[in-house]
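Sequence lines set the chain letters: A, B, ... in the order given, protein chains first and strands last, and positions in each chain run from 1. Any value given below was found using the heavy atoms of this structure, including those in side chains, with hydrogens, waters and symmetry copies removed.
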Amino acid sequence: MPCWTEHWISSWRHRSRRAYRDMKQGNDSSDENKLIAERRAKLGELRAQGVAFPNDFRRDALAAQLHDAFGARPAEWFEANPTQVKVGGRIMFKRVMGKASFAKIADRTGQIQLFLQQEALGAVYDAFKGWDVGDIAGASGVLFRTKTGELSVRVDALRLLVKSLRPLPDKWHGLADTETRYRRRYVDLIVSESSRNVFRARTRIVRYLRDFLDALDFLEVETPMMQPIPGGAAARPFRTHHNALDLDMYLRIAPELYLKRLVVGGIERVYEINRNFRNEGLSTQHNPEFTMLELYLAYADYRDLMDWIEKAIRGLADTLNGTPQLTYQGRSFDLTKPFRRVTVEQAVIEHNPGIDPLSLRDPTYLRKRCEQLGIKVEAHDGPGKLQIELFEKTVESTLLDPTFVYAYPAEVSPLSRPNDADPFIADRFEFFIAGREIANGFSELNDPEDQAARFRAQVARKDKGDEEAMFYDADYVRALEYGMPPTAGLGVGIDRLVMFFTDSASIRDVILFPHMRPEAG
RNA sequence: GGGGCGUUAGCUCAGUCGGUAGAGCAUCGGACUUUUAAUCCGCUGGUCGUGGGUUCAACUCCCACACGCCCCA
């Protein structure tokens, strides 16, 4: 044996032994307690008896399938038609009554009850009495209906497949502590059906959008997560470094500029559903990484996108709930009504009594107005930026029913096409539900010279200290110089959309592993 | 960054005026062959988030910090 192998093995063994010792001393889990110690001792007995973690049990039925197929059969049917099944899952419920017991096991589809008798199972029955809620078991037996009518399996063979060392939360109260639900999502998912349903709904929502777009001949693509120039949004990026290239890179804040390069390349209908990263604060509506649908549609404008959203939102409600009526955080929404469409300036006038409608583009007037409201403004902010600050402060949170706000100032829309009749504004809108921005769409700026000028203006802002201002992306301008067809583009915040459709108050409720500070200690 | 609230048994939560810490469920032991938050009997289980301070005495009052939740910027 070559000596390097021996050395490798011995060093591995050494590490392994130390890891085992650390484990025995509880160095890797500071929260050892009596309950865990009891279960650890039970596991020790299992190890002594043979393979403690077997992987040779196979199911032939799932809980929901059994309920669907046999839930309606009367008790006598089961006697006339003995039906043998093999089921397996986590023990969620255990009730021992002397020589007979009930247990419920949960698989990915639901729960099914087991009925266990000493007479039928002998020594295994006695062993079962020592098993714990949370353990994973496999059972075979025949279906029957209990005295109270519950479809159950009369077990003729039973095996413990996995010993669980940690107790589950109280079966009645569940896991109420939000911190633990987010940090130990696995426990939350074990005990909370509503949490499982949120994440199932999330996947269904994404699938619905994919199907919708695929049916319209859109091509789904993947563009870089790591970008040398972060573009497509006003946001602070995360930085990283590529060693081999010795190159600073950024996690993307948006895929926009890459997707539009693809439109230049002739992919006239293109979308991506993936993560964006923004180095900003955390809140009920912000996670540093979040999921966005971005789509681009050539030979269309921003109004076509508003129509698409309206159709998609209604279709989603119908697909998920079978009705256009839904409740979010105690407020009911009727999605059959046409979604309101209002300009930024109209909305600002409506929500700012006494404001002079003729001065909405006067920087001095707007600046005074902002200062009165305690809005922090920068010296280099122009009328468009001031107008949008005013909008965000006084209007945004009031937009409860689905609302399109359009005619955004061109000044704050450096990638949008300016309006033909009124160059102060861009052909751009944002979409709001429940006071939150859900989507942002516009007719794309495809004039390469105008785009270059907009980038230069952004760089000037960056030089004045605006950390969210955009970089100059020369290759993107070059792409536009080859010619991008007239195009409309849209970004949809998937997490917030899922929040709305699952009645979730916090973005953390719709992200499996939301970011948190590391646990103390 | 600022403000408010929270952190006590595995889980869910009480804890009065500052006087050596409680309940339900779970666990553990016992009874029970159709339970549905089973029932009955008995016993366990705590660095009261961490560190200081005040006090004869601190879960309790004061300060700092950590983590979380909510609101604001």
Side-chain angles (χ1 to χ4, degrees), chain A residues 26 29-43 75 78-79 91-106 111-122 125-126 128-135 141-155 163-185 187-188 190-192 236 280-287 329 370-371 373-378 389 392-394 396-397 435 468 504-509 514-521:
Chain A
S29 38
S30 53
D31 56 346
E32 288 279 340
N33 61 46
K34 190 181 146 192
L35 297 177
I36 295 176
E38 281 165 1
R39 289 173 175 225
R40 226 179 257 291
K42 290 179 186 175
L43 174 60
F78 294 99
E79 288 160 35
I91 299 174
M92 299 304 293
F93 167 96
K94 181 180 169 236
R95 179 163 298 152
V96 176
M97 300 165 304
K99 295 186 174 61
S101 294
F102 290 96
K104 275 182 190 162
I105 57 170
Q111 299 193 356
I112 183 78
Q113 182 168 260
L114 307 179
F115 181 56
L116 313 157
Q117 293 165 292
Q118 166 130 63
E119 202 174 26
L121 295 166
Y125 181 84
D126 296 323
F128 163 80
K129 288 203 251 182
W131 299 357
D132 294 291
V133 168
D135 291 352
V142 294
L143 292 174
F144 77 110
R145 199 176 281 289
T146 64
K147 228 183 229 172
T148 53
E150 182 161 347
L151 181 67
S152 306
V153 178
R154 188 189 309 276
V155 174
K163 182 69 210 165
S164 167
L165 297 178
R166 288 176 180 266
L168 291 176
D170 183 293
K171 70 167 176 277
W172 188 245
H173 298 98
L175 189 55
D177 182 63
T178 52
E179 184 172 354
T180 310
R181 288 199 319 152
Y182 300 147
R183 288 196 196 279
R184 304 190 198 176
R185 184 66 85 185
V187 178
D188 179 41
I190 289 170
V191 300
S192 169
R236 294 175 64 172
E280 292 159 1
L282 290 77
S283 77
T284 48
Q285 286 158 79
H286 298 87
N287 194 59
Q329 302 294 293
C370 282
E371 279 162 5
L373 289 165
I375 301 171
K376 224 168 82 184
V377 292
E378 303 290 335
E389 290 285 343
E392 284 177 5
K393 175 84 173 184
T394 61
E396 204 170 295
S397 64
E468 293 189 349
S504 300
S506 171
I507 199 169
R508 296 176 203 102
D509 296 324
H515 286 289
M516 304 187 82
R517 282 204 165 84
E519 282 179 87

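Within the nucleic acid shown, A:T178 comes within 4.0 Å of sugar-phosphate atoms alone, with no base atom in reach, counting heavy atoms only. A:V133 comes within 4.0 angstrom of nothing in the nucleic acid, heavy atoms only. Here A:K42 lies in heavy-atom contact (under 4.0 Å) with sugar-phosphate atoms only. Using a 4.0 Å heavy-atom criterion, one finds that A:Q118 contacts no nucleic acid atom at all. Counting non-hydrogen atoms under 4.0 angstrom, A:Y125 reaches nothing in the nucleic acid.
In this entry B:G1 has B:C72 as its Watson-Crick or G-U wobble partner, both defining distances falling under 3.5 Å. Partner assigned to B:G6 is B:C67, using Watson-Crick or G-U wobble distances below 3.5 angstrom. In this structure, B:G42 forms a base pair with B:C28, meeting either the Watson-Crick or the G-U wobble geometry with both donor-acceptor distances under 3.5 Å.
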Distances under 3.5 Å between protein N/O atoms and the N/O atoms of nucleotides 23-25 of chain B, please, pair by pair.
| unit_1 | atom_1 | unit_2 | atom_2 | d |
| --- | --- | --- | --- | --- |
| B:G24 | N2 | A:D170 | OD2 | 3.3 |
| B:C25 | O2 | A:D170 | OD2 | 3.4 |

Protein-nucleic acid N or O pairs under 3.5 Å, nucleotides 70-73 of chain B:
| unit_1 | atom_1 | unit_2 | atom_2 | d |
| --- | --- | --- | --- | --- |
| B:C70 | OP2 | A:R508 | NH1 | 3.0 |
| B:A73 | OP1 | A:K393 | NZ | 2.6 |

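An OP1 or OP2 oxygen of B:G68 is reached within less than 4.0 angstrom by a side-chain nitrogen or oxygen of A:R183. Phosphate contact (OP1/OP2 of B:A66, side-chain N/O of A:R517, threshold under 4.0 Å): absent.
For A:M97, counting side-chain heavy atoms from C-beta on, the closest listed nucleotide (B:C32, B:U12, B:A26) is B:C32. When distances run from any side-chain atom of A:D132 to the nucleotides B:U35, B:C69, B:U27, the shortest one goes to B:U27. Out of B:U34, B:U12, B:U33, the shortest distance to the side chain of A:A176 is found at B:U12. Side-chain atoms of A:L35 lie closest to B:U27 of the nucleotides B:U33, B:U35, B:U27. Here the nucleotide nearest the side chain of A:E119, chosen from B:C11, B:U33, B:G45, is B:U33. Taking only side-chain atoms of A:L175, from C-beta outward, the nucleotide of B:U35, B:C28, B:C11 with the closest atom is B:C11.
Ring pair A:F128/A:Y125 is tilted by interplanar angle, where 30° to 60° counts as tilted.
Every residue two or more places apart in sequence or in another chain was checked for a salt bridge (charged side-chain N to carboxylate O under 4.0 Å, His left out) with A:E396, and none qualifies.
Considering all non-hydrogen atoms of both residues, A:V155 and A:L121 come closest at O-CD2, 3.9 Å.
Taking for each of A:K147 and A:D177 the nucleotide of RNA chain B with the nearest heavy atom, the 5'-most of the two is the partner of A:D177.
Interatomic distance, A:D132 CG to A:K163 NZ, rounded to the nearest 0.5 Å: 3.5 Å.
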